[in-house]
Amino acid sequence: MSAVRPLNAALQEICTRELNEIPARVSQDIEALRDWVLKQPHLRACTDDQFLLAFLRGTKFSLERAKEKFDRFYTLQRSIPEVFNDRRLATDTQVLDIVRTGVLLQIPMDADDPGPRVTIIRAGSYDTSKYKFQDIIRVGSMFGEIMMFEDDNATVSGYVEIMDMAGITGSHLFALQPQLLSKFSTYADEAMPTRQKGIHFINVPAAFETGFNSLRSFFPAKIKSRISVSSDPAAIYELVRREYLPQEYGGTGDTLQDISHTMEAKLSSYGPYFQESQTFGADDKLREFGDHVRRNHRSSFGAVGSFRKLEID
């Protein structure tokens, strides 16, 4: 039997209707993907059942597309060294400090809610003299991987990111690094199996609203239409149910501190995985040049590792 969690009825219905999942075949599909991964001389990768299932769900159970996305997952990471480096550990003091500041908040939901996962990024709440924007992205990437293992809402219904610009200063705007945002968004689109359903900038100072709208140009074409920008403080209530929102946002959910403590404990439980993941990756020197994925790799990144849109059937 496959070592994966059963879904609740609502999520299973979405999987069957939208993702082509056939419960009786899940074990067989996972084993087929694992068999392919283990035969790739250039890949050293995680082959946990739930991890592999995320890629199958993220590609609507097309084995060939799952192979391509799995390969990109490890290959593109090498192209963003400022994020994927030796600080990407659950024990790293900087990582832990960032989690404790509440810059990133994964919002708790009811167990039977089939909607997308919501993450709030409090972009104006971190000290730019202590952390770079890439440090915040690094921590976000770690929780993105944790979602692949255990967040059925994220792997089935996708996820929404809310960029809260409250308290943002000129130093925060300078730290945003639009090109890094573009690269990481392409990675999220082409390599992550969880589907990004929207990026919403809220509490944007009215004077900067037009400028923030221009950020769309840094995102892949498929993501541009999913971006919204608002200076209205009430915009968040159209995106997240009040009973889920932290109390500091006018909701009735947990406090920012409660959520941060929960996230820190969760991250700690994945310490061994992130330690092992330091050895994971794709080695192009060992890649078989005749492989279909190799041809797509070249078209996706170009000869010098640039990020160009890869069209998927």
Side-chain angles (χ1 to χ4, degrees), residues 77 80 82-85 87-109 116-151 153-155 158-169 171-173 175-178 180-181 183-185 187-188 192 194-204 215 227 236 239-240 244-249 251 253-271 273-274 277:
Q77 287 187 2
I80 322 178
E82 61 268 52
V83 172
F84 297 96
N85 54 36
R87 299 211 69 163
R88 201 166 174 270
L89 293 169
T91 55
D92 186 86
T93 55
Q94 185 188 74
V95 168
L96 292 172
D97 285 346
I98 290 172
V99 174
R100 291 165 185 161
T101 63
V103 178
L104 300 163
L105 303 170
Q106 286 190 335
I107 303 305
M109 301 166 58
R117 176 63 58 190
V118 176
T119 297
I120 298 176
I121 302 169
R122 300 167 63 235
S125 67
Y126 72 96
D127 186 345
T128 57
S129 69
K130 292 179 63 177
Y131 312 116
K132 297 180 180 179
F133 186 61
Q134 64 202 44
D135 301 324
I136 310 301
I137 294 292
R138 182 180 308 114
V139 176
S141 76
M142 296 172 77
F143 281 99
E145 280 181 42
I146 291 174
M147 286 197 307
M148 291 163 56
F149 282 100
E150 63 176 60
D151 193 330
N153 288 77
T155 59
Y159 67 98
V160 171
E161 291 180 320
I162 298 176
M163 301 284 288
D164 183 1
M165 298 293 131
I168 200 162
T169 65
S171 62
H172 288 108
L173 290 173
L176 266 180
Q177 296 178 259
L180 173 59
L181 203 59
K183 286 168 61 177
F184 193 78
S185 180
Y187 165 78
M192 290 288 289
T194 45
R195 297 178 294 168
Q196 192 173 55
K197 292 300 187 70
I199 303 174
H200 304 282
F201 291 84
I202 65 168
N203 293 321
V204 174
L215 280 173
I227 297 173
I236 194 168
L239 302 168
V240 189
Y244 293 166
L245 279 173
Q247 295 169 25
E248 292 86 346
Y249 279 86
D254 294 335
T255 65
L256 298 182
Q257 187 176 57
D258 290 337
I259 295 173
S260 296
H261 284 166
T262 299
M263 291 178 64
E264 182 179 349
K266 180 62 64 180
L267 181 64
S268 178
S269 72
Y270 278 82
Y273 166 75
F274 286 109
S277 71

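Scope of the values below: all heavy atoms of this structure, side chains included, with no hydrogens, waters or symmetry mates.
None of I227, I121, L104 except one satisfies the side chain to side chain contact (heavy atoms under 4.5 Å, CB included) rule with E161; the exception is I121. Considering M142, R100, E264 in turn, M142 is the only one that fulfils the side chain to side chain contact (heavy atoms under 4.5 Å, CB included) rule with V95.
You'll find the side chain of L267 reaches within 4.5 Å of the side chain of F274, heavy atoms only. The shortest side-chain heavy-atom distance between H200 and I120 does not fall under the 4.5 Å cut-off. Looking at heavy atoms from C-beta onward, L180 lies in side-chain contact with I80 at the 4.5 angstrom threshold. Within the 4.5 Å cutoff, the side chain of P116 has no heavy atoms near those of the R195 side chain. With contacts defined as side-chain heavy-atom distances shorter than 4.5 Å, the pair V160/L239 does not qualify. Taking the side chain as every heavy atom from C-beta outward, M192 and M148 approach each other to under 4.5 Å. Taking 4.5 Å as the limit, every side-chain heavy atom of Y131 sits out of range of all side-chain heavy atoms of V103.
Among all heavy-atom pairs drawn from L105 and M263, the shortest one is CA-SD, 3.8 Å. When all heavy atoms of Q247 and G253 are compared, the pair lying nearest together is NE2-O, 3.0 Å. Taking every heavy atom of both residues into account, Q77 and Y187 meet most closely at NE2-OH, 3.0 Å. Scanning all heavy atoms of the two residues, the minimum distance from S141 to V83 falls at OG-CG1, 4.0 Å. When all heavy atoms of G271 and A90 are compared, the pair lying nearest together is CA-CB, 3.7 Å.
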Exercise. For side-chain contact (heavy atoms from CB on, under 4.5 Å), just list the numbers for Y273 and I146, CA-CA rounded to whole Å, side-chain angles, deciding distance to a tenth of an Å, and then say yes or no.
Key: CA-CA 10 Å; Y273 166 75; I146 291 174; over 6 Å; no
Practice problem: May I have the step-by-step check of salt bridge (charged side-chain N to carboxylate O under 4.0 Å, His left out) for K132 and D135, ending in yes or no? | Solution: CA-CA 5 Å; K132 297 180 180 179; D135 301 324; over 6 Å; no
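The neighbour count for Q257 CD, taken as heavy atoms of other residues, nucleotides or ligands under 6.0 Å away, does not exceed 12.
Donor-acceptor pairing under 3.5 Å is lacking for the side chains of D151 and Y159.
Between F149 and Y270, the ring-plane angle classifies as tilted under the 30° and 60° cut-offs.
Interatomic distance, CG of N203 versus CD1 of I236, reported as 7.5 Å (0.5 Å rounding). Expressed to the nearest 0.5 Å, how far OG1 of T101 lies from CG of D97 amounts to 8.0 Å. To the nearest 0.5 angstrom, Y244 atom OH is 5.0 Å from M109 atom CE. In this structure, CG on L89 lies 10.0 Å from CG on L96, to the nearest 0.5 angstrom. Between S260 atom OG and I98 atom CD1 the span is 12.0 Å, to the nearest 0.5 Å.
The backbone N or O of E82 sits less than 3.5 Å from a side-chain atom of R138, completing a donor-acceptor pair. No donor-acceptor pair under 3.5 Å is formed between the side chain of Q106 and the backbone N or O of V118. A donor-acceptor pair under 3.5 Å is formed between the side chain of T262 and the backbone N or O of D258. Judged purely by atom type and a 3.5 angstrom limit, R122 uses its side chain to pair as donor or acceptor with the backbone of G102. Judged purely by atom type and a 3.5 angstrom limit, R117 uses its side chain to pair as donor or acceptor with the backbone of I107. Side chain of E248 to backbone of L256: a donor-acceptor contact under 3.5 angstrom is found.
Applying the ring-ring contact (aromatic ring centres under 6.0 Å, His included) test to H172 and every residue at least two apart in sequence or in another chain returns Y126. Partners of R88 by salt bridge (charged side-chain N to carboxylate O under 4.0 Å, His left out), not counting sequence neighbours, listed by chain and number: E145.
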